[in-house]
Each structure stands twice: as C-alpha cells, then as structure tokens.
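Labels below follow one simple rule: chain letters A, B, ... track the order of the sequence lines, proteins then strands, and each chain is numbered from 1. From a predicted model like this one, the values you see are computed outputs, not experimental measurements.
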Amino acid sequence: MTVGLFIPCYVNQFYPNAAKATLELLQKFGVNVVYPPKQTCCGQPMANSGFEHLSQGCNEIIVENFSAFDYIVGPSASCVLHIKEHLHSDKNEKQAAAIRTKIYELVEFLTDVIKVEKLDASFPYKVGLHHSCHGLRGLHLSQMSELNAPAFSKPQQLLSMVRGLEQITLDRLDECCGFGGAFCVTEEAVSVKMGKDRVTDHTKNGAEYITSSDLSCLMHLEGILHRNKSSVKIIHIAEILNATV
Amino acid sequence: MSQTKTHAALAGAFIKDEERVDWHDGALWFIREKRDKASKQIPEWEELREAASQIKSNVISNLHDYLLQFEANLKKNGVIVHWADSAEEHNEIVYSILKAKEINQMVKSKSMLTEECGLNEYLEERGIEVINSDLGEYIQQIDNEPPSHIVLPCIHKRKEEIGELFHEHLGTEKGLSDPTLLTRVARKHLRNVFLTRRGALTGVNFAVAETGEYVVCTNEGNADMGAHLSEVQIASMGLEKLIPQKKHLSVFLRLLARSATGQPITIYSSHYKKPRKGQEMHLILVDAGRTRQMGRVDFRDSLKCIKCGACMNTCPVYRKSGGLSYHNTISGPIGAILAPNLNMKKHADLPYASTLCGSCSNVCPVKINIHEQLYKWRQVIVKEGYAANTKALGMKAMAWTFSSPGKLTTAGKTGRWFLHNLPFVVNNKLNPWYKQRDMPEAPKESFGEWYVKNEEKEDNRQ
Amino acid sequence: MNTREKILEAVLKNQPTSTPLPDIDSFKGDNTDLVQKYIDVFKTIGGNALSVDDITAVKMFINQNFDTSKRIVTTVNELSDNLELISDTVDPHTYNDVELAIIKAHFSVAENGAVWLTDEVMGQRIIPYICQHLAVIVNAQNIVPTLHEAYQKIGLGEYSFGGFIGGPSKTADIEQALVLGAHGPLSMTVFIMK
C-alpha cells in the first residue's frame, strides 16, 4: 500500500518535527510513504470564513497531487475533515470523490486501517489529551461527552500503548480550545479566554505535556503557555507515538 | 439610532471582568453537567431526540394543513384566533384586545416571541402597563435590560446586584442579597399583581393541532397565576410551535426540561384548552420572518427549536461572552442561525461568533445541525456582501498564495525569516494574535525542505 | 388578501416536501416498583411523598403537619366533613387566602414525580397554584412509569384545562440558588393511597 502524506501548510512551516514523526511512524509499520512536494493547503481558512468559493484552487491542487495513492494520511484532524466534507473538483469530480473516501487522519489510520495493537514507544511523562473538535465531533476519533452512547477513544487507545506515559483526567473532557481558525483573531478576547481555561484544566490536573491530533489547537495553547512562562509543553501525538528514548 | 456593537466588541467588554466571566461560565457549565446526568438516565435518549427531530420535520413540511386543523379546533374550543404577519401587527392585536375590554394593566409570563416583537415597549407607549411575572424576567425588566438567556434571564447578574435593584424598586433593606429572602419579597409583590390584573398574556411551548390545546411550561407557576385570575387571556405563538398529535407531547416534554436544566419535567406543564366560564381566551399566530426562514433550504431546520437553551449552556463562546453580546433576543448558537434571517446586516457577525466546535448540535433535543448552519450562513453573508472589505481582500490574497506551491513556499520561507530575524515586525500591537499569545517559533527549515534534502541524500547513497 | 390568507399562502409556498411521522409507540416505561420510584423521584424534586392506607391517615397527617386554624379547602368528598369544599361558581380571587388545598389526582408519573390534574378535580383552575401548600391524593395503582403511558391514559382529553404538577413551585433565577416557593405553592405533599 502506498500512502500519500498530506502535511498541512502551517505544520510544514512551523512544526516540521510533527510531520517527520508522522512519516517515520508510518514507515515503522511498513507503509510506503510518499510526500508530494507540490501540495499547498486544504482551503479551510477561506471556506470557514465564508469564502468557500475561493478554495477551488486548493481543491484542484489536492486532486492533482493525491489521486494516485491507496490512502492519504495527514497529522491534522481539522484539515482531513475539511477535505472529507468539502473536496470537489470542477475538472475531476470522480477523483475528488475517491479522495474523500480514502483520506485519513493519522490516529484513525493507525487504529482502523493498520489496526495497531502495540507500539515500541516510550514517553515517561504526564500527558493531557486535548480532543480537537474536528477530530472528535467531525471524525469521531472518540466518543462525544454530550451523547448518551458507549465510551471509546482512538487516541487514548494508542497513548495507552506507550511505555511510562500517564494520561491525566481533565475536569472538562472535550471543551473547545478556542482557536477556531480566523476566530482566533476576529474574536481574540474570547479565543484567548477559552485557551487559558483549557490550559488551566490541564495544568491543574498535572499535565507536563498537552497533546492532540491538531497542531492548530496546540499552536494556540502553546502561545498562551509561552506568554505565561509555563513549563508545560505541547507535542503532536505523532511525536509521542514515535518517541523511543 | 446608534450603531450596534459587534459580538466581538461586546464580548471583549464582558471578558474584561475575568472573575465574573469565570463565575458565569461555571454556572452554565454546571447546568450542562446536570443536563448530561439527566440524559444519561434515559437509555432511549438518543432515540427520543431522533423522534423529536422527525416529528418537527413532519410539522414544517405539513405546516399549512396543521395550521388549518389547529385553527378549526381552537375555534371549536371557544378560543378567538388571530393571525399576525409582523411584530407590529402582533402588538396591534394585543393592544386592540386589551383596549376593547378597557384593560390598561397586563401581567405577562415568559414569551421570547413577545420580547422579539417589542411588545412591552409598544404597550407602554400606549398607556398599558406590562409586568413580567417570571422572576428572572421581572428582574431584567426593572433593570431595563433584555433577558440574556432564554431560560435563565438574569444568569449574568450577581445576587448583590439583584439585591440592589430590589432595594431601589421594592424597598428592601440595602445590602440584602439572600436569594430566598429576595424571592419571598418578589412573591408577595407579584401576588398582588396577579390578583389585580384583568389581562394576562402567556407564551406557548407546544400547540397540539389534533385537539386545539396548547401547553405552557413554567417552574414558578406564574403563567397559571396570571391566566386563571384574568378576564382576558392571550397566548402569543410562533407558527412553528405546532405539533401534530397529543401523544407527541410525551416525546417533547421528556426532552425539554432535561435538556434545559436537567430536571425531569418543569414543575408546571399546563394544558390550556377552553376558556374559563366568563373568560375570553385569545391566541395569536405569528409569522414575523418564520415563513421566510422556512423557504431557506439550508436553514429551515432551525425552526424545529423548542427553546430549551441547551445550546447556550454548552457553548464555550456563549458561556464566556454572555447572552447580551449577541444583540438579539435569542442569543447563543440558535440565535446565530435565526437572527441573520431577521436582519442580515445587523446580525452578520453572529455566525462568526463561534469556533464551529459542534457541541451545540449534540445537545440539541431536536437535532438541529446548528454548527453546519453556522458554516453555511457564513457563505451566505459573504455572498450577500456583508463581510468586511478588509476580510475579503485578505481572503483573496490567501487564496492566491495557496493556489500555487511556489508562491506558498516563498510565503512560508519569508514568514519564518521575519519571525526568526526581525520578530518585531510580527510581534507588535497590530497583530491581534500577539496581544495575549506568543507566536510559534520559526524552525530553520520546513518539512518540505527537509524531505527534499533527505530524498537527495537517499538518492546519493544509492 | 387578509393576513391569514397571506400567511397560509407563504407557508404553502415555502414548506418542503412532506416527511413522515416517526412511530413513537415503541417508547415504553418499566412497570416495576412504581410506588418506590415515584417516592424517590418526588423527594429529589423537593416534594414529600408517602404511602397511606386510607383517608383517615390523610386527615391525621394534615392535623399534625398543617396549621388547621388557617383556611383549608378540598374537592375530596371524604374530607368534606370538617374541611371546606371548593365551589366552582365563586370568584377565583376569593381563594387568595387558602393555606392548604387537598385535591385528588387522576394519576401520577414515576419518571418525573408529576401528578395529572384537570379542572374536574381542581374545583377551580386557580386552586393548585394559589394555595400556600398543596396536597394531592393519588391511588397507588394509578402510577404510570413515563409520559408515554401518561398520554395514553389522557387520550385526547375531555377537560377544559389540565396540568401536570411536579412538585412545589421553584426558581433558581438568583445566582442559580434553588428556592422552593416562587409564585405557586411553597410545598407539595403527595399521599399514595393503597
């Protein structure tokens, strides 16, 4: 099986280690991974702001670059969800439709396709799991706290395979961090307050690291942690699952 | 008329008092937790939501016939039926009913519809005194402020502030803030209102087409205290409040209070059918934008709403910004998908007062896809030309950059270079991100650059 | 065209293709331990529910727990030997000074503690709301598990006014502090008669 690696634009620029860890992790499971260098962006920033009609360029680039693969995997629930729900092509709708069915976020790819049962990974720290809203309520990576339905969590399942890792319990399981795309600057006061409250939930429950499938959330929380000189760090879940020291 | 401040501006002001925000946020989260506890005691909870959603879909898609059936049954029951196209027409009808009986004092129980129509102001201007009998609405009324939450009208007020209002308006001791004592004072004062008002107005929670009766839900008993002592009883109802059959009440009444406050049922669920002997009963069916919303394919499901407020309680933006930041009678997530239909210019900011987290859709007892409608409203608002010019330019620039891998690589490299070498260009007052957050660090090379280098190394090795 | 025609026309024009009603008849409650379930739920709402053998027990309870020097009214014939029977012809305002009202419910609902009353058993509609304290008698075999069974019992309903009442009136409008006794009764007692 050949997997096309989809790396979100801001992950590519600001969090290359998460991308490297994603690549290495997939290769560890014997997956042939290819990174198409001409990829750009999933188009979500425009679409979520009401400018869906401007994201056609991004859509065509995705179809051009990713049609050939068996699967497409990306370390971002938010971007993967957007492509799953909104990818359309004027030139090649059939390919676009196919991509929508074979694109996966990293965690769900590991649990649902590779069906990982054990990991040779070690991360002896207290870790808080941040359920990104797109991952949770969009991709159903875990059960949503609002529903009267059986509990499950794909990211927690994987984290429990990591030696030495202790998962902390939060007061509020899955409240939004407040990033929300352009929201983070158009409603700056609310966005930061939401982020501060999430950080407090993690720190008061003992987290040394905060992890997630979404670096957009983590980037926002990191900004707050750094500004407040906290010792708590953020880390993408790929880097934990790939950690061997 | 002054320009309406945006949600962002009003929220910013609310958030300045962090202690108050934490208290407001905590109070509403607690109610969300109570709702969770109640819903998890009903194994068939998700099936009930689905049934309620389907019943309401059937109502909206057959509303014409249900309205005729309801009207015929109302008349059989001896209720006088009125139709109002607009808020103004509704208010005129209420006024004319009261005037015909020479009534110039009316007691009113909770009705978001009449709040939307501006009924109280309309009547006061014409010499008719209106008193809100729900305690929370009464408090907001004496403070000359609209309700901030559709179920908990003064959830944003501290008891000391309420005590101060009571001292000013009801002559209580200065500094008295004990909720029980304040409630007892209100009980006594409003009892006198109930006993002396000849006109009473209620809202309608559910109206049954099959029997021509309607149900009013309260915890305080204020709707009944007003109605059963009145000579003239008026019910104001939005068209969408209909349900087809009597037995459907079981589904909605099981969902309503549990979703709203975590109670199994409101203390009073009163079924009004025929007037008391010697009493006149009126019902006003109100459109005021509802048929227009019905015509919007992507947004008509917002009319399923049973006004429980669960979406407000779960929404982190609502909890941390307060209902009054939404500059609309109905606030929170449901308000943000109803309001643009009423006035797109005034409320263009509301669908953006959200991170699209989706929690609202999950708690909605009638499964309105609120977060999807928020996304869709954004597309409409931009198309109709209500997005800020600066935003449109920014979006076009972004789209241009992303449309070419070369342009994006250059932009990324440039951004990182500035962050690394001249951070002050980015880290300054003009950058709203930077106000309370640090920017991410700029790595020396992007993943794309590393990958290409690595691939070259691999090729060279082979 | 008048407003009524205008609105009906707008509704007809804008309503989508009809979707069917779901079948809700499969929603059912569990019939076990209904008396205990009812008592437990009613307690959590702030009401007082107790099992009694007969009307004499009710009389005794009232004498021991309420101020019998104040006005007590009822629609229950068996209590009319020394309690005032409610008249359905007098002005409802004259019941303003009622301390305690005792009425009989048609049935009650275990899942939410509510009793079902209609004007037939209320005497006057205002009675269960205007009294300072409310007491309700319900037969033990007339307790149903959920509102689904409740509406089966009510059917289309022949009443002019009916209501579920699920406890003492309450409000939490002031800082979410629960206060029993808003505008309706301050307390509610339910006698479950064998």
Side-chain angles (χ1 to χ4, degrees), chain B residues 27 44 51 54-55 57-58 60-64 67 83-85 89 133 135-136 139 152-154 158-159 162 179-180 182-183 187 190 195 210-211 219-222 224-225 228-229 239 244 246-251 253-254 264-265 267-274 276 287 291 294-295 300, chain C residues 2-4 6-8 10-22 24 27 41 45 92-93 96 111-114 124-126 129-130 146-148 150-152 154-157 159-177 179 181-185:
Chain B
E44 64 271 27
Q54 287 180 24
I55 294 168
S57 287
N58 172 270
I60 294 172
S61 60
N62 294 282
L63 189 60
H64 176 268
L67 281 167
W83 298 73
D85 198 22
E89 199 176 348
S133 62
L135 180 60
I139 288 165
L152 319 156
C154 58
R158 310 303 301 258
K159 58 184 194 281
I162 296 168
T180 304
L182 290 173
T183 304
R187 177 189 176 85
L190 285 162
L195 287 165
E210 191 180 33
T211 57
N219 278 318
E220 299 179 18
N222 56 310
D224 296 289
M225 283 296 280
H228 302 315
L229 293 170
L239 300 175
K246 184 71 171 280
K247 67 180 184 182
H248 293 137
L249 285 170
S250 66
V251 172
L253 289 180
R254 294 187 81 201
I265 195 172
I267 298 297
Y268 303 103
S269 309
S270 299
H271 298 45
Y272 292 86
K273 198 161 170 193
K274 301 181 190 179
R276 235 165 57 237
D287 182 348
T291 50
M294 268 179 85
R300 64 166 62 106
Chain C
N2 63 24
T3 300
R4 176 182 179 277
K6 195 164 164 230
I7 292 177
L8 285 167
V11 169
L12 194 59
K13 179 169 136 246
N14 286 311
Q15 66 186 27
T17 317
S18 175
T19 59
L21 281 170
I24 67 162
F27 288 117
V41 171
I45 292 165
H93 294 77
N96 177 36
E111 72 162 331
N112 55 34
Q124 290 243 20
R125 296 180 187 192
I126 195 62
Y129 309 97
I130 203 169
T146 72
L147 284 179
H148 301 298
Y151 278 100
Q152 272 167 21
I154 295 170
L156 293 180
Y159 51 83
S160 298
F161 172 79
F164 282 109
I165 297 186
S169 74
K170 57 163 66 147
T171 180
D173 274 331
I174 301 178
E175 273 205 27
Q176 284 301 292
V179 177
H183 303 298

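Counting heavy-atom pairs closer than 4.5 Å to chain C, the top residue among B/L229, B/T180, B/L67, B/I55 is B/L229. For the set C/G184, C/S160, C/G163, the count of heavy-atom pairs under 4.5 angstrom toward chain B peaks at C/S160. Ranked by heavy-atom pairs under 4.5 Å with chain C, the first of B/I139, B/L239, B/N222 is B/N222. For the set B/R187, B/K159, B/R158, the count of heavy-atom pairs under 4.5 angstrom toward chain C peaks at B/R187. Heavy-atom pairs under 4.5 Å with chain C were tallied for B/G221, B/P153, B/A51; the largest tally goes to B/A51. With chain C as partner, the option from B/E210, B/R276, B/H248 having the largest number of non-hydrogen pairs under 4.5 angstrom is B/R276. In terms of heavy-atom pairs under 4.5 Å with chain C, the best-connected choice from B/E44, B/R300, B/K247 is B/R300. In terms of non-hydrogen atom pairs under 4.5 Å with chain B, the most contact-rich of C/P16, C/A114, C/P92, C/G113 is C/P16. In terms of non-hydrogen atom pairs under 4.5 Å with chain B, the most contact-rich of C/A10, C/P22, C/G167, C/G155 is C/P22. Top candidate by heavy-atom pairs under 4.5 Å with chain B, chosen from C/A177, C/S169, C/G166, is C/S169. Top candidate by heavy-atom pairs under 4.5 Å with chain B, chosen from C/I126, C/L21, C/I165, is C/L21.
Interface remark: C/E111 contributes backbone and side-chain atoms alike to the contact with chain B (heavy atom separation under 4.5 Å). Of the atoms belonging to C/P20, it is backbone heavy atoms, and not side-chain ones, that fall under 4.5 Å from chain B. At a 4.5 Å heavy-atom cutoff, the contact between C/S18 and chain B is made by backbone and side-chain atoms alike. Residue C/K6 touches chain B through its side chain alone, counting heavy-atom pairs closer than 4.5 Å. Of the two parts of C/I24, only the side chain, counted from C-beta on, holds a non-hydrogen atom closer than 4.5 Å to a non-hydrogen atom of chain B. For a residue to count as touching a neighbouring chain, one of its non-hydrogen atoms must lie under 4.5 Å from one of that chain's; by this rule C/Y151 touches chain B with the side chain only. Residue contact with chain B, scored on non-hydrogen atoms closer than 4.5 Å, involves the backbone and the side chain of C/P185 alike. Neither the backbone nor the side chain of C/A150 comes within contact range of chain B; no heavy atoms are under 4.5 Å apart. For chain C, the nearby parts of B/L152 are the backbone and the side chain; heavy atoms of each come within less than 4.5 Å.
Side-chain contact, B/E89 with C/T3: a donor N or O sits under 3.5 Å from an acceptor N or O.
Closest of all the heavy-atom pairs between B/I265 and C/L147 is CD1-CD1, 4.3 Å. The two atoms that bring B/N219 and B/Y268 nearest to each other are O-CE1, 3.6 Å, heavy atoms only. Closest heavy-atom contact between C/L8 and B/H64: O-CD2, 3.4 Å. Pairing each heavy atom of C/D173 with each of B/E220, the nearest pair is OD2-OE2, 3.1 Å.
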### Message
Assess the residue pair B/C154 and B/I162 against the criterion (side chain to side chain contact (heavy atoms under 4.5 Å, CB included)); give the C-alpha distance rounded to whole Å, side-chain angles, the decisive distance to 0.1 Å, and a yes or no.
### Response
CA-CA 9 Å; B/C154 58; B/I162 296 168; 4.2 Å; yes

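In this structure a side-chain-to-backbone donor-acceptor pair under 3.5 Å is present from C/N14 to B/T291.
In this structure, C/H183 has its ring center no closer than 6.0 Å to that of C/Y129.
A 4.5 Å side-chain heavy-atom check between B/N62 and B/P244 finds every atom pair outside the cut-off. Side chains of B/I60 and C/Q15 form no contact here, defined as non-hydrogen atoms less than 4.5 Å apart. Looking at B/K273 and C/F161, their side chains never come closer than 4.5 Å, going by heavy atoms from C-beta outward.
A perpendicular orientation is assigned to the rings of C/F164 and B/H271, their planes being inclined by more than 60° (bins at 30° and 60°).
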